Participant: 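Okay, handing you the structure first.
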Amino acid sequence: MIKEFFDQFPYILVGLEILYLAGIIFLAGKIIMDTKNTSKTLAYLLLIIFLPVVGIIIYFVFGVNYRKNKFYTFKIERNKQVYQAVSTYIRETHYKTLEKYKDEIEPFLTTVNFLYNAGHSPLSQGNHAEILINGEGKFEKVFKVIEGAVHHIHLEYYIYDNDRIGNKLADLLIKKAGEGVIIRFLYDDMGSGKIGRKLLKRLKEGGVQVSPVNKITFRLLANRVNYRDHRKIIIVDGAEVFTGGINVSDKYINPNPRQYWRDTHLYIKGEAAFYFQFLFFSNWIFATEKIPEISQLYFDHKSKEKGNSLIQTAASGPDTNPSIMLSTASAVLSAKKRIYIVTPYFIPVETVLNAIKQAALSGVDVRLMVPKSGDSRVVNAAAYSYYEELLENKVRIFFYKKGFIHAKTMIIDDDFSCVGTANMDVRSQELNFEVNALIFNKEINEKLQSLFHGDMNDCEEIHYDSWKKRPKYKVFFEHMARLLSPLI
């Protein structure tokens with residue numbers, strides 16, 4: 001019937017074809033102007049040209065740059081307001097610490113200065129830092145610290161599941177709210193799809209202030225899916241912080257040994273909590289469009305327990321500079337002896353990839369630990385496509401076989417460590433809200449080195465000669481997946 005209609009009125013079909021072609025040309029121009037990343041630009045152009053209609057839908061769902069939209073203009077303006085309230089302390093903290101410890105952090109001074117200038121992130125001193133292994137190690141500490149909260153508890157999570165561990169934490173939050181503690185809870189509406197209305201209602205009725213960061217009305221048409229709040233943060237009384245790879249879900253406490261989940265988290269007590277609080281308030285004001293009264297009680301960093309860790313925070317998101325990506329590349333290029341990287345997803349931006357290859361070819365012992373099998377066939381294939389060139393450039397690669405390794409850590413030489421929420425992929429380094437803690441401390445470095453060597457016992461090292469002999473059809477699929485990596 002449709003064919004008969006167009007046979008009778010062929011000029012209508014010609015008109016539609018002209019309109020479609022004009023639309024494609026206009027959209028191509030928009031992609032070229034709005035998309036800064038060259039590989040991403042080419043990927044979107046190929047999609048709209050070779051996948052008619054479908055490619056256009058994919059672009060509008062995943063590719064529109066909302067940072068130029070009023071949606072994020074509001075957040076950028078609110079960030080400035082929050083920063084003005086704390087700028088004096090941030091400036092004084094940074095320069096005081098820098099003056100006192102300049103010799104200790106001299107090898108990474110470029111990275112430290114970059115983070116301060118690009119993201120107002122101060123280098124802080126006197127912090128106690130503690131590595132927490134898996135959910136079993138994290139949640140025991142979390143419950144203990146939250147139990148002792150007096151003034152406030154702030155939480156920000158990518159995944160919060162309505163399961164045993166999620167309900168146990170909810171019960172404790174409701175209990176503390178009943179004691180008069182102020183509790184604010186941010187969650188990512190995409191990642192926390194399993195939190196459930198009943199649990200959210202129970203939290204709100206129990207006195208917990210709750211808000212999604214980006215509210216998703218129609219999940220299948222979620223055009224803000226690109227900008228996920230992938231952070232995992234807890235701040236207690238402005239002095240204690242938890243961050244790292246572990247979300248709120250039963251799978252992180254390994255109830256099933258056959259589905260082992262290996263992850264790393266970080267506990268901090270001290271001045272470093274100040275910047276995490278700044279990040280939280282920025283996102284809270286953005287999510288709720290309300291500005292709470294921010295008193296000094298939210299920044300009570302003067303803990304009785306003093307530590308010896310210098311800590312600086314790298315944070316990224318659609319409202320900031322790509323601080324995590326650029327600080328990672330900067331730190332890698334500062335290495336003299338070793339770089340140990342653990343990441344569940346390795347689809348690096350070109351800047352980081354080239355820095356890693358340069359370090360390895362300079363004689364630095366560069367090791368990458370990744371899962372043997374990821375949770376997505378396409379993502380896994382895209383990651384595999386990078387391994388041949390890494391191996392060819394002297395990078396050692398280890399496939400973790402005991403289960404799924406979800407940790408996001410980096411160790412450089414003897415003093416620098418990084419524990420955070422950001423994967424080493426395009427999404428984490430260019431799109432998501434992420435946060436990494438950079439720790440300048442020998443003991444933390446040694447602890448993470450020990451964990452890395454221990455995890456190597458559950459790994460299989462791959463070598464260039466054998467890797468290069470993979471079947472050609474696999475290599476082809478991997479390179480096809482790599483073409484889509486800017487969109488994954």
Side-chain angles (χ1 to χ4, degrees), residues 130-213 229-269 273 276 280 283-284 287 403-404 406-408 419-421 435:
E130 185 178 334
I131 299 296
L132 306 174
I133 311 303
N134 297 345
E136 301 94 311
K138 169 189 171 175
F139 289 111
E140 180 181 358
K141 184 81 172 181
V142 164
F143 293 140
K144 181 180 178 181
V145 171
I146 286 179
E147 189 67 64
V150 175
H151 182 258
H152 68 273
I153 302 165
H154 289 161
L155 305 94
E156 185 173 348
Y157 272 93
Y158 176 58
I159 294 175
Y160 194 114
D161 285 348
N162 184 0
D163 53 16
R164 186 169 70 86
I165 201 73
N167 279 276
K168 185 177 179 181
L169 180 54
D171 290 341
L172 182 55
L173 294 175
I174 291 169
K175 173 178 176 289
K176 296 304 294 184
E179 295 173 4
V181 176
I182 300 167
I183 302 177
R184 297 183 177 94
F185 170 37
L186 285 172
Y187 64 93
D188 183 87
D189 209 14
M190 178 64 70
S192 295
K194 295 180 181 179
I195 193 169
R197 293 182 180 178
K198 289 184 179 180
L199 181 55
L200 288 172
K201 182 180 179 182
R202 189 160 72 86
L203 285 165
K204 291 174 183 177
E205 290 177 347
V208 178
Q209 300 176 52
V210 182
S211 174
V213 177
D229 187 354
H230 196 245
R231 293 171 182 169
K232 299 96 179 163
I233 301 173
I234 297 176
I235 309 162
V236 177
D237 290 341
E240 298 176 88
V241 172
F242 294 88
T243 193
I246 303 173
N247 289 288
V248 179
S249 174
D250 281 354
K251 65 184 178 184
Y252 291 90
I253 58 175
N254 293 310
N256 185 353
R258 290 177 295 180
Q259 295 178 338
Y260 185 72
W261 199 277
R262 170 71 183 86
D263 216 326
T264 301
H265 221 69
L266 180 69
Y267 166 72
I268 302 169
K269 188 171 185 179
F276 282 91
F280 179 86
N283 267 7
W284 179 263
F404 185 69
H406 188 252
K408 305 100 166 42
V419 179
T421 70
V435 61

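These numbers come from a predicted model, not from an experiment.
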Participant: Nearest 0.5 angstrom please: Tyr157 OH to Leu155 CG, how far?
Facilitator: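 These two atoms lie 6.5 Å from each other.
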Participant: Distance check, rounded to the nearest 0.5 Å: Ile233 atom CD1 versus Tyr158 atom OH?
Facilitator: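 Ile233 CD1 to Tyr158 OH: 15.5 Å, rounded to 0.5 Å.
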Participant: Which atoms form the tightest heavy-atom contact between Asp229 and Asp188, and what is the distance?
Facilitator: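 It is N-OD1, 2.8 Å.
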Participant: Any idea which heavy atoms bring Leu186 and Ala287 closest together, and the distance?
Facilitator: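 What the structure gives for the nearest pair is CD2-CB, 3.7 Å.
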Participant: Can you tell me how far apart CD1 (Ile165) and NZ (Lys251) are? Round to the nearest 0.5 Å.
Facilitator: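 Going from CD1 on Ile165 over to NZ on Lys251, the span is 14.0 Å.
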Participant: Apply side chain to side chain contact (heavy atoms under 4.5 Å, CB included) to the pair Trp261 and Asn134, showing each step before the final yes or no.
Facilitator: CA-CA 7 Å; Trp261 199 277; Asn134 297 345; over 6 Å; no
Participant: Less than 4.0 angstrom from a charged side-chain N to a carboxylate O is my criterion; do Glu179 and Lys175 meet it?
Facilitator: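 Yes, charged N to carboxylate O under 4.0 Å.
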Participant: Measuring from atom CD1 of Ile131 to atom CG of Leu266, what distance do you get when rounded to the nearest 0.5 angstrom?
Facilitator: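 Going from CD1 on Ile131 over to CG on Leu266, the span is 5.0 Å.
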Participant: Kindly give the heavy-atom pair with the smallest separation between Ala149 and Val236, and that separation in Å.
Facilitator: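 Scanning both residues, the minimum pair turns out to be CB-CG1, 3.7 Å.
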Participant: To check you understand the geometry: which heavy-atom pair defines the closest contact between Leu169 and Val142, and what is its length?
Facilitator: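 So the two residues come closest at CD1-CG1, 4.5 Å.
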Participant: Begin with the C-alpha distance, continue with both residues' side-chain angles, and end with the deciding distance and a verdict on side chain to side chain contact (heavy atoms under 4.5 Å, CB included) for Val435 and Glu156.
Facilitator: CA-CA 11 Å; Val435 61; Glu156 185 173 348; over 6 Å; no
Participant: For Thr243 and Val419, what are the C-alpha separation, side-chain angles and deciding distance, and is it a side chain to side chain contact (heavy atoms under 4.5 Å, CB included)?
Facilitator: CA-CA 8 Å; Thr243 193; Val419 179; 5.8 Å; no
Participant: Check Leu203 against Ala170 and note the closest heavy-atom contact, atom names and distance.
Facilitator: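 Between these two residues, the closest heavy atoms are CD2-CB, 3.7 Å.
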Participant: With distance as the sole test, does Lys141 use its side chain to make a donor-acceptor pair with the main-chain N or O of Leu132 at under 3.5 Å?
Facilitator: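 Here the side-chain-to-backbone pair does not exist.
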Participant: Quick check: do Arg262 and Asn254 have side-chain heavy atoms less than 4.5 Å from each other?
Facilitator: no
Participant: Taking only residues two or more places apart in sequence or in another chain, which ones pass ring-ring contact (aromatic ring centres under 6.0 Å, His included) with Phe242?
Facilitator: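 Checked Phe242 against ring-ring contact (aromatic ring centres under 6.0 Å, His included); matches are Tyr267.
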Participant: I'd like to check Leu173 versus Phe185 (side-chain heavy atoms, cut-off strictly below 4.5 Å). Are they in contact?
Facilitator: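 No, side chains not in contact.
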Participant: Shortest non-hydrogen contact from Gly238 to Ala273?
Facilitator: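 Taking Gly238 first and Ala273 second, the nearest heavy atoms are O-CB, 3.5 Å.
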Participant: Do side-chain atoms of Lys176 reach the backbone of Glu147 as a donor and acceptor pair under 3.5 angstrom?
Facilitator: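 The answer is yes, because a donor-acceptor pair under 3.5 Å joins these two groups.
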Participant: Which distance, rounded to the nearest 0.5 Å, do you find between the OG1 of Thr264 and the NZ of Lys408?
Facilitator: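 Going from OG1 on Thr264 over to NZ on Lys408, the span is 10.0 Å.
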Participant: Between the side chain of Ser192 and the main-chain N/O of Tyr160, is any donor-acceptor distance below 3.5 Å?
Facilitator: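 Confirmed, Ser192 side chain pairs with Tyr160 backbone.
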Participant: With under 30° as parallel and over 60° as perpendicular, where do the rings of Tyr252 and His406 fit, or are they tilted in between?
Facilitator: perpendicular
Participant: Should the heavy atoms of other residues, nucleotides or ligands under 6.0 Å from CD of Glu136 be counted, would the total exceed 12?
Facilitator: yes
Participant: His265 and Lys232: side chain to side chain contact (heavy atoms under 4.5 Å, CB included), yes or no, with the steps?
Facilitator: CA-CA 9 Å; His265 221 69; Lys232 299 96 179 163; 4.2 Å; yes
Participant: Angle between ring planes, Phe280 versus His154, binned at 30° and 60°: parallel, tilted or perpendicular?
Facilitator: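 Answer is parallel, since the angle falls under 30°.
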Participant: Atom CG of Leu199 and atom NZ of Lys201: how far apart are they, to the nearest 0.5 Å?
Facilitator: 12.5 Å
Participant: Salt bridge or not for Asp250 and Lys168, using N-O below 4.0 Å?
Facilitator: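 No, no charged N to carboxylate O under 4.0 Å.
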Participant: Decide whether Asp237 and His151 meet the rule of one side-chain donor and one side-chain acceptor closer than 3.5 Å.
Facilitator: no
Participant: Side chains of Met190 and Val213: closer than 4.5 Å at any heavy-atom pair?
Facilitator: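 Counting from C-beta outward, Met190 and Val213 never come under 4.5 Å.
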